[in-house]
J.: 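Below is a structure I'd like to ask you about.
The structure displayed is predicted, hence computed values, not measured ones. Chain letters run A, B, ... following the sequence lines, proteins first and then strands; every chain starts at 1.
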Amino acid sequence: MNEKFNQPYNPKETEEKIYKFWEQSGFFAPEAHQPRADNPNEGKTFTIVLPPPNVTGSLHMGHALNATIQDILIRYKRMQGYKALWIPGTDHAGIATQNVVEKQLKKEGLSRHQLGREKFLEKVWEWKEKYGNIILDQLKKLGASCDWSRTAFTMDENYSKAVQEAFNHYYKKGWIYQGERVVNWCPRCGTSLSDLELEYVEEKTKLWYIKYSLKRGGNIIVATTRPETMLGDSAVAVNPKDERYEEFVEQSVLLPIQNREIPIIADDLVEKEFGTGAVKVTPAHDFNDAQMGEKHNLPIYKIIDEKGRMTQLAGEICEGLKVLECREKVIEKLKELGLLEKEEDYTHGVAKCYRCNGIVEPIPSLQWFVKMDELAKSAIKAVESGRIRFHPQKWEKVYLDWLKNIKDWCISRQIWWGHKIPIEGVNDVMDTWFSSALWPFATLGWPDKNNKDLKEFYPTQVLSTARDIINLWVARMVFSGTEFMGKEPFSDVIIHATILTKDGKRMSKSLGTGIDPMGLIEKYGADATRFGLIWQAMGGQDIHWAEEHVMAGKKFANKIWNIARFVLERTGISNFQFPISNEFSNLKLSKEDKEILEKLEQVKKSVEKDIENYEFGQALHTLYDFIWHDLADKYIEYSKNNNSAETLTVLYFILYTVLKLLHPFMPFITEEIYQNLPSKNADFLMVDKWE
RNA sequence: GCGCGAUUAGCUCAGUGGUAGAGCGCUUCAUUGACAUUGAAGAGGUCAGAAGUUCAAUCCUUCUAUCGCGCACCA
């Protein structure tokens, strides 16, 4: 009997030791897999790619939950005899990382323009080397059994080749084109954004009603939230079915301030119910208006530039002003002219940059696009055919809705940190998501089609991620995989729960409502933290975070520790065969012995079923209930008065089995106990056989 | 505007077509015998509201309310 069992379980000490022990064993890498004749899954692989966290990131609760889910799966499959591979890595996260480094430079009084492109990129690489892997180290603390020897980065040399290859492939197919389009532009980041990179934030503002005077006399009133863009108006539009304005169509009005004569047009895009039913049309600075402009051949006046300032076309009094300053100016001027009919309070969503939270402006700009028609079709088919399944299934709708209404993908970004667009003379870099879309095969060596890893481990099986990147990332991986590999990159997509604060609010670092998983690990241990996360992760429902479940995890760890202590004490004093399989045919078992063995068998089946269905919370509840209430409260109590060889044999076997079943969920404590067992099948619980 | 989800014990949540369960909290008892990070016993719920289907509804259907989240042509 080992003396360490005389003390309460010490997670901190144990976890550090055990993790090193695992890493040294080499069993995180699939190469360490040892073929066995009695392995029912011999020859099968099981692969998961870790959604690459941003190099700017640090572990938050969502990462912790997601990593735990993936670790449960990979450990379970590894024990089941699969050659299991979990590939970790990080994403260069173009805009986010550039912003972080620029901020740091600003403290030193420097800007990236002062440094120049080359020097600046050196700084970013330095930053990446220094801070970029913090989050991966945090995952180790959580117990993640990734193959760290295969750690990838979206700007690795080989990965860059993959990105260039993908671009060239699309280019040769004629799916890449350059065009001057109205795009979402973040003046603060100085780059275009795709529509998925916007966040609409509800803001209280005004709806201004402006009089435009008709050339023939009288006037028409338009309502707008953006009076400043009237300086770039090319028309006024009404709905063709709107009787109120029937006779106005094809008349012209005099645009105030600019004194430009513009037509009144009719278009279905206009909603009769909005405002007065007549709207101003600014083809350069609104997506709808751009559509109308194209249809009706309207001139485009670009009145806002890339820095968010008014151009010369905005007119003398506004040129050089920032957009909001210009708004004030225009309102003031309209009041002066008596053309402001009224203003109403109005709340609407304002498009903000998801990286810097600045207001995004639609502006016309020369950008690179990928045609999405064919790619979207293949991604739709992958899910509709059932080749890819979402768990919970409801997320398929989110995915399909986006793909069925898709627009071409703007892939160029006017920043410096990223993959350069391979065309001569182009300084733009590619959307970060263009490179992460290749993650499931670029991490396995693509574009080298003969790469051993690629042949052996593609396609992967499960992808587990957060709901907010279903379209941004998952959909794009699906069509990329289909396009470049001819096979979907995975078969099952787990969309894990979103962790909210106790009152159901979003956890936010800036509001101080976030919970730091590293703090929980420090306080309760990694096993307890994993327990607390999974305990609450039922059916993919949002989690209102409750720390008490982590405390319950800590108590549970202690319970298991003491169960082990009891069993090892009892079995240590008798000289009997330690059973490592359930061959009990020679034994005369009591009713209680039989009952607990039967229950164990049920629990095992139920846990297997739950894991296969990605119902990890359910599996953990089942295990908890069995270990605490059936094993500890009943059977151990029974065994105290029934110290037969049979009962001791059953006791040992149950402990042994329970350690295996629990290992994917709470890997550290189970491994630590396993290391102290007198008789076992393997050197490490993490590679003992499940059966 | 459209869609999705939630509503069950004080709190965080499971669950089932046949008069409800867990963790934490609460009450009472047990004190050095694996574990007080414990054990035993217990209190506590008209399962959001209404209507319907059914022998039977917390569970199925419809509607309503409240909260949350997506999406949209948010001018």
Side-chain angles (χ1 to χ4, degrees), chain A residues 1 5-9 195-196 198 200-203 205 207-208 222-227 229-230 233 236-237 267-271 273-282 285-292 346-351 362 392 394-398 401-402 405 467-468 470-471 497-498 500 502-506 524-525 528 531-532 535-570 615 617-618 620-622 624-625 628-629 631-634 636-637 639-641 651 655:
Chain A
M1 179 62 202
F5 284 98
N6 294 328
Q7 295 154 17
Y9 177 59
D195 51 349
L196 290 177
L198 308 182
Y200 283 91
V201 182
E202 287 283 304
E203 277 189 9
T205 167
L207 191 58
W208 286 275
V222 299
T224 182
T225 56
R226 302 205 54 187
T229 61
M230 68 166 287
D233 282 1
V236 168
D267 197 296
D268 300 332
L269 285 175
V270 180
E271 298 242 4
E273 287 72 28
F274 183 85
T276 59
V279 301
K280 50 192 280 318
V281 181
T282 321
H285 300 291
D286 183 280
F287 289 95
N288 262 333
D289 294 3
Q291 261 188 61
M292 284 196 256
Y346 190 69
T347 304
H348 73 133
V350 177
K394 63 178 179 179
W395 298 110
E396 285 176 10
K397 195 170 153 31
V398 172
D401 283 353
W402 181 69
N405 297 298
R467 72 178 56 147
D468 48 345
I470 289 174
N471 296 324
T498 301
L500 306 167
K502 200 152 187 161
D503 351 312
K505 298 273 157 52
R506 211 189 170 85
Y524 303 103
F531 179 100
W535 185 261
Q536 298 182 72
M538 302 294 286
Q541 281 304 320
D542 285 357
I543 294 169
H544 290 203
W545 180 252
E547 190 165 316
E548 69 229 35
H549 299 301
V550 182
M551 294 181 216
K554 191 177 182 196
K555 280 161 74 169
F556 186 46
N558 188 61
K559 191 74 180 175
I560 295 159
W561 188 250
N562 283 295
I563 289 170
R565 176 181 172 183
F566 176 82
V567 173
L568 294 182
E569 256 172 30
R570 289 303 168 110
E615 295 286 356
Q618 198 57 255
L620 186 56
H621 277 77
T622 304
Y624 178 92
D625 206 48
W628 202 301
H629 301 300
L631 177 57
D633 291 347
K634 296 200 185 86
I636 284 184
E637 289 307 316
S639 78
K640 286 177 183 172
N641 301 317
L651 213 43
L655 171 66

J.: Write down the partner of C60(B) under the Watson-Crick or G-U wobble criteria, each distance required to be under 3.5 Å.
T.: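 G52(B) is the nucleotide pairing with C60(B).
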J.: Does Val398(A) reach a base, just sugar-phosphate, or nothing at all? Heavy atoms under 4.0 Å.
T.: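 Touches nothing.
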J.: Among U12(B), A75(B), A34(B), find the nucleotide with the atom closest to the side chain of His544(A).
T.: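 Nearest listed nucleotide: U12(B).
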J.: Return the nearest nucleotide to the side chain of Trp628(A); candidates are C74(B), U38(B), A34(B).
T.: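 For Trp628(A), the side-chain atoms sit closest to U38(B).
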J.: So, is Lys502(A) near the phosphate of C13(B), with a side-chain N or O under 4.0 Å from OP1 or OP2?
T.: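 The answer is no; no side-chain N or O of Lys502(A) sits under 4.0 Å from OP1 or OP2.
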J.: In whole Å, what separates the P atom of G15(B) from that of U54(B)?
T.: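 The answer is 28 Å between these two P atoms.
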J.: Roughly how many Å is it from CG in Asn641(A) to P in A34(B), rounded to a whole number?
T.: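 My rounded result for the distance is 11 Å.
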J.: Suppose you measure atom P in G23(B) against the same atom in G39(B); what distance do you get, rounded to whole Å?
T.: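 One P to the other, the span is 10 Å.
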J.: Could you work out which one of C35(B), G3(B), U12(B) sits closest to the side chain of Glu637(A)?
T.: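 Per side-chain heavy atoms of Glu637(A), the pick is C35(B).
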J.: Nearest to the side chain of Lys394(A) - G3(B), U12(B), G5(B)?
T.: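 Comparing G3(B), U12(B), G5(B) against the side chain of Lys394(A), the answer is G5(B).
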J.: Answer with base, sugar-phosphate or nothing: what part of the nucleic acid does Asp633(A) contact at a heavy-atom distance below 4.0 Å?
T.: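 Sugar-phosphate, backbone atoms only, no base.
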J.: OP1 or OP2 of C73(B) sitting under 4.0 Å from any side-chain N/O of Asn405(A)?
T.: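 Answer no for this pair, as no side-chain N or O of Asn405(A) is under 4.0 Å from OP1 or OP2.
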J.: Find out whether Trp545(A) and Val550(A) are in side-chain contact, i.e. whether some heavy atom of one side chain is under 4.5 Å from a heavy atom of the other.
T.: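 In contact.
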J.: P atom, C47(B) versus C63(B): distance in rounded Å?
T.: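 That atom pair is separated by 22 Å.
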J.: With sugar-phosphate meaning primed atoms plus P, OP1 and OP2, does Val222(A) contact a base, only sugar-phosphate, or nothing at under 4.0 Å between heavy atoms?
T.: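 The residue Val222(A) makes no contact with any strand.
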J.: Would you indicate, yes or no, if U38(B) has its OP1 or OP2 atom less than 4.0 angstrom from a side-chain nitrogen or oxygen of Lys555(A)?
T.: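 Yes.
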J.: Rounding to an integer number of Å, can you tell me how far Leu651(A) CG sits from C35(B) P?
T.: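 From Leu651(A) CG to C35(B) P: 15 Å.
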J.: For the C1' atoms, the ones on G3(B) and on U8(B), what distance do you get once it is rounded to whole angstrom?
T.: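 It comes out at 26 Å once rounded to the nearest Å.
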J.: Strictly below 4.0 Å: does Arg570(A) bring a side-chain N or O up to OP1 or OP2 of A34(B)?
T.: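 Yes, because at least one side-chain N or O of Arg570(A) sits under 4.0 Å from OP1 or OP2 of A34(B).
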J.: Has Asn562(A) got a side-chain atom pairing as donor or acceptor with Asn558(A)'s backbone, closer than 3.5 angstrom?
T.: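 A pair under 3.5 Å: yes.
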J.: Under 4.0 angstrom, heavy atoms only, what part of the nucleic acid is His285(A) near: base, sugar-phosphate, or nothing?
T.: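 The residue His285(A) makes no contact with any strand.
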J.: For the C1' atoms, the ones on A20(B) and on U46(B), what distance do you get once it is rounded to whole angstrom?
T.: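 Comparing C1' positions in A20(B) and U46(B) gives a spacing of 13 Å.
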J.: Considering only C35(B), A14(B), U37(B), which nucleotide approaches the side chain of Gln618(A) most closely?
T.: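 Of the options given, the side chain of Gln618(A) lies nearest A14(B).
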J.: Is the Trp535(A) ring parallel, tilted or perpendicular to the His621(A) ring (thresholds 30°, 60°)?
T.: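 Rings of Trp535(A) and His621(A): parallel, as their planes differ by under 30°.
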J.: Provide the Watson-Crick or G-U wobble partner of U46(B), both distances under 3.5 Å; none if there is no partner.
T.: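 Across any shown strand, U46(B) pairs with none.
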J.: Given that Leu207(A) and Ala632(A) both sit by RNA chain B, which one's nearest nucleotide is further toward the 5' end?
T.: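 Final value for this comparison: Ala632(A).
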J.: Would you mind classifying the nucleic acid contact of Lys397(A) as base, sugar-phosphate or nothing, using non-hydrogen atoms under 4.0 angstrom?
T.: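 Lys397(A): backbone/sugar contact only, no base atoms under 4.0 Å.
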J.: When you measure from the side chain of Asn562(A), which nucleotide among C74(B), A14(B), A34(B) comes out closest?
T.: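 So the side chain of Asn562(A) is nearest to A34(B).
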J.: Please step through side chain to side chain contact (heavy atoms under 4.5 Å, CB included) for the pair Val279(A) and Val222(A), ending with a clear verdict.
T.: CA-CA 5 Å; Val279(A) 301; Val222(A) 299; 5.6 Å; no
J.: Can you find a side chain N or O atom of His348(A) that sits less than 4.0 Å from OP1 or OP2 on A72(B)?
T.: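 His348(A) to A72(B) OP1/OP2: no side-chain N or O under 4.0 Å.
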J.: Look at the side-chain N and O atoms of Thr225(A) and state whether any lies under 4.0 Å from the OP1 or OP2 oxygen of A75(B).
T.: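 For Thr225(A), the contact criterion (side-chain N or O under 4.0 Å from OP1 or OP2 of A75(B)) is met.
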J.: Take atom CZ of Phe566(A) and atom C1' of C35(B), then tell me their distance rounded to the nearest Å.
T.: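 One finds 11 Å between C1' of C35(B) and CZ of Phe566(A), rounded.
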J.: Could you tell me how far C4(B) sits from G44(B) if I compare only their C1' atoms? Round to whole Å.
T.: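 The answer is 34 Å between these two C1' atoms.
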J.: Would Asp542(A) and Arg467(A) pass as an ion pair if we require N to O under 4.0 Å?
T.: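 Salt bridge flag = yes for Arg467(A) with Asp542(A).
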J.: Starting at atom CH2 of Trp402(A), determine the distance to atom P of A72(B), rounded to an integer number of angstrom.
T.: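 Taking CH2 of Trp402(A) and P of A72(B), I get 11 Å after rounding.
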J.: Anything under 30° is parallel, anything over 60° is perpendicular, the rest tilted; go ahead and classify His348(A) against Tyr346(A).
T.: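 Ring orientation, 0 to 90° scale: tilted.
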J.: Please report, rounded to the nearest Å, how far the P atom of C35(B) is from the NZ atom of Lys634(A).
T.: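 The answer, rounded to whole Å, is 21 Å.
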J.: Roughly how many Å apart are C67(B) and A51(B), using the P atom of each and rounding to a whole number?
T.: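 Straight-line distance between the two P atoms is 24 Å.
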J.: Between A6(B), G3(B), A34(B), spot the one nearest the side chain of Gln541(A), thanks.
T.: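 The listed nucleotide nearest to Gln541(A)'s side chain is A6(B).
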J.: Look at the side chain of Asn558(A) and decide which nucleotide, out of U12(B), U37(B), A40(B), has an atom nearest to it.
T.: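 For the Asn558(A) side chain, the nearest candidate turns out to be U37(B).
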J.: Applying a 4.0 Å non-hydrogen cut-off, can you work out what Ala557(A) is touching in the nucleic acid: base, sugar-phosphate, or nothing?
T.: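 Nothing, no heavy atom under 4.0 Å.
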J.: With a 4.5 Å limit on heavy-atom distance, are the side chains of Asn6(A) and Arg565(A) in contact?
T.: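 Of all side-chain heavy-atom pairs linking Arg565(A) with Asn6(A), at least one is under 4.5 Å.
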J.: Between A34(B), C24(B), C4(B), spot the one nearest the side chain of Glu548(A), thanks.
T.: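 Selected nucleotide: C24(B).
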J.: Rounded to the nearest Å, what distance is computed from the CG atom of residue Asp542(A) to the C1' atom of nucleotide A14(B)?
T.: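 One finds 16 Å between C1' of A14(B) and CG of Asp542(A), rounded.
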J.: Using Watson-Crick or G-U wobble geometry with both distances below 3.5 Å, tell me the partner of C71(B), or none.
T.: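 Pair assignment: C71(B) / G1(B).
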J.: CD1 of Ile563(A) versus C1' of U37(B): gap in Å, rounded?
T.: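 In whole Å, U37(B) C1' and Ile563(A) CD1 are 13 Å from each other.
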J.: So what's A6(B) paired with, Watson-Crick or G-U wobble, going by both distances under 3.5 Å?
T.: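 The base-pairing partner of A6(B), which may sit in any strand shown, is U66(B).
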J.: With nearest nucleotides of RNA chain B determined for Lys640(A) and His629(A) from heavy-atom distances, which residue corresponds to the more 5′ nucleotide?
T.: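 Per heavy-atom nearest nucleotide, the more 5' residue is His629(A).
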J.: Can you tell me how far CH2 of Trp628(A) sits from CD1 of Ile560(A), rounded to the nearest 0.5 angstrom?
T.: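 These two atoms lie 9.0 Å from each other.
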J.: Under 4.0 Å, heavy atoms only, any strand: does Phe287(A) hit a base, just the sugar-phosphate, or nothing?
T.: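 Since no nucleic acid heavy atom lies under 4.0 Å of Phe287(A), the category is nothing.
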J.: Using atom P in both nucleotides, what's the gap between U58(B) and U53(B) to the nearest angstrom?
T.: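 These two P atoms come out 15 Å apart once rounded.
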J.: By nearest atom, which of the nucleotides A34(B), C4(B), C74(B) is closest to the Ile636(A) side chain?
T.: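 So the side chain of Ile636(A) is nearest to A34(B).
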J.: Please give, in whole Å, the distance from C11(B) C1' to Met551(A) CE?
T.: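 It works out to 12 Å between those atoms.
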J.: From Thr224(A) OG1 over to Lys280(A) NZ, what is the distance, rounded to the nearest 0.5 angstrom?
T.: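 Separation between the atoms: 4.5 Å.
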